[in-house]
> 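The structure follows.
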Amino acid sequence: MPKLGTRGPRLDRRAQQPDDFASAFESAFARLQVRLEMACAEDAAWHRRVVVAVRGGLELAAADPDDASTLTTAALAHGADGLARYERLMAYLAGLLEGGRAESPHGADLPPTTERSIAGGVATIVANRVDRGRAAQLPGLHAELVQFILTPYMGTEEARRIAVAR
């Protein structure tokens with residue numbers, strides 16, 4: 001039984017039982033959702049909320065690489081249950097990005113898979129750094145990832161301007 005004030009069960013690299021994975025995933029997902037929902041609650045333009053959310057998500061992953069791994073690599077390696085949870089995470093992240101279509105002059109013309117592709121790309125970049133023991137580098141990718149996320153909606157130049165302005 002975890003002590004009061006601790007995060008609860010955590011997934012370590014040793015194969016754990018499915019209930020341990022489920023609990024670890026749901027706890028990590030909830031912490032990420034809180035961070036992103038706080039960023040999205042800002043009374044600011046969508047692209048500004050993206051800047052804040054990306055910063056918060058990268059800081060969270062850098063501070064707790066086990067959570068980041070649980071949400072990405074471990075989920076994909078955990079069979080049908082893990083894949084279903086990963087897909088739920090991707091759908092959640094894609095849903096947060098859909099607001100960009102309203103800010104884009106060509107938002108209606110973007111492929112239906114745009115948001116899911118962006119979410120998957122960011123998750124892959126985070127997982128790659130974490131898996132290679134480089135989670136501490138994640139906050140340094142802030143401007144690059146903001147530009148990556150904003151480019152389909154705002155174009156390359158405007159996305160770059162916003163990304164470097166922070």
Side-chain angles (χ1 to χ4, degrees), residues 11 25-78 82-166:
L11 182 71
F25 185 94
E26 294 305 323
S27 294
F29 189 25
R31 283 188 288 282
L32 178 62
Q33 285 177 303
V34 167
R35 181 70 66 106
L36 298 181
E37 294 295 329
M38 287 176 20
C40 293
E42 265 193 34
D43 187 23
W46 174 82
H47 68 273
R48 180 67 195 141
R49 292 190 311 266
V50 167
V51 170
V52 175
V54 169
R55 181 177 295 115
L58 291 174
E59 289 170 355
L60 187 64
D64 199 335
D66 287 341
D67 274 5
S69 181
T70 297
L71 293 171
T72 56
T73 307
L76 291 172
H78 210 79
L83 183 57
R85 290 174 196 281
Y86 181 82
E87 289 301 324
R88 188 165 49 94
L89 169 65
M90 291 300 104
Y92 169 76
L93 296 174
L96 295 177
L97 296 173
E98 287 174 352
R101 289 178 181 267
E103 283 201 18
S104 174
H106 54 274
D109 298 328
L110 292 172
T113 58
T114 299
E115 290 79 15
R116 173 58 176 83
S117 298
I118 293 168
V122 171
T124 299
I125 291 167
V126 169
N128 182 276
R129 289 298 195 289
V130 169
D131 290 349
R132 293 165 65 205
R134 297 181 177 163
Q137 296 175 351
L138 287 169
L141 296 177
H142 180 259
E144 183 177 337
L145 290 180
V146 166
Q147 183 177 348
F148 172 71
I149 292 167
L150 295 181
T151 295
Y153 305 100
M154 311 187 94
T156 303
E157 294 305 315
E158 183 65 2
R160 182 178 299 126
R161 184 191 68 74
I162 292 167
V164 299
R166 296 185 183 232

> Any donor and acceptor pair, going by atom type alone, linking the side chain of Arg129 with main-chain N or O of Leu138 inside 3.5 Å?
no

> Do you know the tightest heavy-atom contact between Ala135 and Pro65?
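Looking at all heavy atoms of both residues, the closest pair is CB-CB, 3.7 Å.
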
> Could you check if a side-chain atom of Leu96 sits within less than 4.5 angstrom of a side-chain atom of Glu37, using non-hydrogen atoms only?
yes

> For a quick test of reading the model, state the closest non-hydrogen atom pair linking Ala75 to Phe25 and the distance between them.
CB-CE1, 3.9 Å

> Any heavy-atom pair between the side chains of Leu60 and Asp67 that's under 4.5 Å?
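In short, these two side chains do not touch, never coming nearer than 4.5 Å.
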
> Given side chains that start at C-beta, do those of Val54 and Leu58 come closer than 4.5 Å, heavy atoms only?
yes

> Report yes or no: does Glu42 contribute a side-chain atom to a donor-acceptor pair with the main-chain N or O of Arg48 at less than 3.5 Å?
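No; judged by distance alone, with no hydrogens or angles, the pair does not exist.
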
> To the closest 0.5 Å, what do you measure between CG (Leu141) and CZ (Arg134)?
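Those atoms lie 11.0 Å apart.
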
> Is there a donor-acceptor pair closer than 3.5 Å between any side-chain N or O of Thr114 and the backbone N or O of Pro111?
yes

> Any sub-3.5 Å donor-acceptor pair from Ser117's side-chain atoms to Thr113's backbone N or O?
yes

> Locate the shortest heavy-atom distance separating Ala159 from Gln147; write the atom from each residue and the value.
CB-O, 3.8 Å

> Nearest heavy-atom pair of Ala68 and Val126: which atoms, and what distance?
CB-CG1, 4.2 Å

> Please walk me through it: do Arg49 and Val52 pass side chain to side chain contact (heavy atoms under 4.5 Å, CB included)?
CA-CA 5 Å; Arg49 292 190 311 266; Val52 175; 5.7 Å; no

> Rounded to the nearest 0.5 Å, what separates atom CE in Met154 from atom NE2 in His47?
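Rounded to the nearest 0.5 Å, the CE-NE2 separation comes out at 5.0 Å.
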
> If you round to the nearest 0.5 Å, how far is CG of Leu97 from CG of Leu110?
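Nearest 0.5 Å value for the CG-CG distance: 11.5 Å.
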
> What is the minimum heavy-atom distance between Ala94 and Arg116, and which atoms define it?
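Taking every non-hydrogen atom into account, CB-N, 3.8 Å.
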
> Side chains of Leu32 and Leu89, heavy atoms from C-beta outward: is any pair under 4.5 Å?
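Heavy-atom side-chain distance check passes, below 4.5 Å.
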
> Is any side-chain heavy atom of Glu115 closer than 4.5 Å to a side-chain heavy atom of Tyr153?
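Glu115 vs Tyr153: side chains touch.
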
> So do the side chains of Leu93 and Leu36 get within less than 4.5 Å of each other, counting heavy atoms only?
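A side-chain contact under 4.5 Å exists here.
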
> Any salt bridge between Glu157 and Arg160, counting N to O under 4.0 Å?
yes

> Rounded at 0.5 Å granularity, tell me how far CZ in Arg55 sits from CG in Leu145.
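One finds 12.0 Å between CZ of Arg55 and CG of Leu145.
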
> I would like to know whether Glu158 and Arg161 meet salt bridge (Lys or Arg N to Asp or Glu O under 4.0 Å); could you show each step before the answer?
CA-CA 5 Å; Glu158 183 65 2; Arg161 184 191 68 74; 2.6 Å; yes

> Rounded to the nearest 0.5 Å, what's the gap from OG1 on Thr72 to CE on Met90? Could you check?
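Nearest 0.5 Å value for the OG1-CE distance: 8.5 Å.
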
> Could you check if a side-chain atom of Gln33 sits within less than 4.5 angstrom of a side-chain atom of Tyr92, using non-hydrogen atoms only?
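The answer is yes, as the side chains (C-beta and beyond) meet within the 4.5 Å cut-off.
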
> Tell me whether Glu26 is salt-bridged to Arg88, with the criterion being a basic N under 4.0 Å from an acidic carboxylate O.
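Salt bridge present between Glu26 and Arg88.
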
> Side chains of His142 and Glu59: closer than 4.5 Å at any heavy-atom pair?
no

> Look up atom CG in Asn128 and atom OG1 in Thr73, then write down how far apart they are to the nearest 0.5 Å.
8.5 Å

